Amino acid sequence: MCGIFGIEGHDDAAGFAYLGLYALQHRGQESAGLVSWDGEHMHLERGMGQVAELFRRPVLARLAGRSAIGHARYSTAGSSVRANAQPIVVATAMGPLAVVHNGNLTNDRRIRARLEREGSIFQTTSDTEVILHLMARNPRADVVESLMVALSEVEGAYSLLLLTAQGLIAARDPHGFRPLVLGRLGDAWCCASETCAFDLLRAERVAEVEPGEVVQLRDGELRRYRLPASAPPSRCAFEHVYFSRPDSEIFGDSVAQVRTAMGARLACERPADGDIVVPVPDSGLFPALGYSRASGLPFELALIRNHYVGRTFIEPRQAIRDFGVRVKLNPDRRLIAGRRVVLIDDSIVRGTTSRKIVRMVREAGAREVHLRISSPPTRWPCHYGIDTPSREELIAARQSEDDIRAFTEADSLGYLSLDGMLGCLSGAPESYCTACWRGDYRVPVSPEQSRQRLLFPIVSEERE
Ligand code: AMP
């Protein structure tokens, strides 16, 4: 889970990259960074925190040059410390290289162990750095060739942007797990995880960077290459369920329309005897709209979200039951009391949030609470870049639908079927990754991957 953005050939590259990242903030709030290239030097600014806090005007002014790439990070591989913030910049025989990455590699530990045995020194514990090491060890006159060599060794999920002395390079793994789109802004090119970044800049979406494609953008020219390895596409369907912004177009489909269709389908598959349809904001909004339209039950915004909840609010000393969820969501008693509520959320992971919300709605006077989920039960952890807990912590991996209903304290529970969900997407069903629902991992994970966490040699960095 990360957001990446890049721009090539613009007088205010850093300013526009900042705005692009700002629109992708929902993809990661732990750290953010930008690097620019002025034809001679890389300029790097990164840190822990959110885009708007980190990039004040004087900081942006230091990012000189006509091309830039940026990253908003949510750590899935590698710990949440400043040293792991991206972009990562290194010096090589081909000149400086900077990289940003969305996705998780599945064999980086094995490669890293080999490189370390041969003397490589890593600056970070992130999987991304492996790609730079492989490039640095295989320098070529054409930097795209060096990247191709590196990518022929790595496996797993990557949507990448590289800033080099030979232009901006975008690459997507052969399965195309994570999204990456190409846009045009006047004479400049840009690349982003999601199209909502283009909307803010008034850039025009040109095309997806295709699975297995490498695109070089240099002096306004575009060159497209294909990785030698081909694989069936395996686009992450969870981007549509939860992760992407609803105003984005992902894998050629409008996220808002897909979510609304999922809700409508859910209403047909799992009807409920209710009086009102209530979304859990924000991810339940569009499915609830679809559910309401298809069922004819009125849509009520009866849970209001506080949008200013940061990651670190201070808990009161005296414990208040379900405080965490109450800070974020407040039920409107006037809309709920005495009614049978059909509560719509996008997914259940551990089940603990759903239980708190069901309780909260009941305490606000609901006569019944019917929980409806606009995706199938999440049973397997993601190895390709979505932050999911281990299999033991996924409630649907261990419990039946009826047990989950009992745990969440809902009067009834219904999930959308897998076929129903895939039917809401315009691509062929087999072109999407469904590993978190079915465990059908298209790229196996090397045994080294799951062994112990990598630690920084410097304790203060590990603690940061
Ligand atoms: P829980 O079942 O208590 O673990 O929480 C489920 C809620 O977390 C749902 O409302 C989802 O919208 C949200 N959610 C689903 N997947 C993720 C994820 N990978 N990271 C953060 N939140 C998620």
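As a basis for the values below, the full set of heavy atoms in this structure was taken, side chains included, without hydrogen atoms, waters or symmetry mates. Atoms within a ligand are numbered from 1 in the order they appear, just like the ligands themselves. From a predicted model like this one, the values you see are computed outputs, not experimental measurements.
For ligand 1 and Asp345, the ligand atoms under 4.0 Å from any heavy atom of the residue are 9 (C), 10 (O), 12 (O). Near Thr352, meaning under 4.0 Å from any of its heavy atoms, are these atoms of ligand 1: 3 (O). The ligand atoms of ligand 1 that sit less than 4.0 angstrom from a heavy atom of Ser283 are 12 (O). Ligand-side atoms of ligand 1 in range of Ile386: 19 (N), range being under 4.0 angstrom from any heavy atom. Under a 4.0 Å criterion applied to the non-hydrogen atoms of Ile348, ligand 1 contributes the atoms 2 (O). Listed by number with element, the atoms of ligand 1 under 4.0 Å from a non-hydrogen atom of Thr353 are 1 (P), 3 (O), 5 (O).
The SG atom of Cys191 lies 8.0 Å from the CD1 atom of Ile4; values are rounded to the nearest 0.5 Å. Note that CG of Asp419 and CD of Glu269 are 8.5 Å apart. Values are rounded to the nearest 0.5 Å.
Using a 4.0 Å cut-off between charged side-chain N and carboxylate O, Arg110 and Glu155 make no salt bridge.
For CG of Asp273, the number of neighbouring non-hydrogen atoms (other residues, nucleotides, ligands) closer than 6.0 Å is 12 at most.
Within the 4.0 Å heavy-atom criterion, both parts of Ser347, backbone and side chain, lie near ligand 1.
Using cut-offs of 30° and 60° for the angle between ring planes, the Tyr384 and Tyr441 rings count as perpendicular.
Scanning the protein for heavy atoms near atom 12 (O) of ligand 1, the closest one is Asp346 OD1, 2.5 Å. Regarding atom 21 (C) of ligand 1, its nearest protein heavy-atom neighbour is Tyr242 OH, 3.4 Å. With respect to atom 8 (O) of ligand 1, the closest heavy atom belonging to the protein is Val349 CG2, 4.5 Å. Residue, atom and distance of the protein heavy atom nearest to atom 4 (O) of ligand 1 are Arg350 N, 2.7 Å. Among protein heavy atoms, the minimum distance from atom 18 (C) of ligand 1 is reached at Asp387 O, 3.7 Å.
At least one heavy atom of Phe238 sits less than 4.0 Å from an atom of ligand 1. Ligand 1 has no atom lying under 4.0 Å from any heavy atom of Thr388.
Judged by a 6.0 Å distance limit and a 45° cone about the ring axis, Arg438 is not positioned over the six-membered ring of Trp380. A cation-pi arrangement is not found for Arg27 relative to Tyr74, the charged atom failing to lie both closer than 6.0 Å to the ring centre and inside a 45° cone about the ring normal.
Looking at Ser375 and Asp346, their side chains never bring a donor and an acceptor atom within 3.5 Å of each other.
Residues Arg442 and Glu430 share a closest heavy-atom pair of NH2-O, 3.0 Å.
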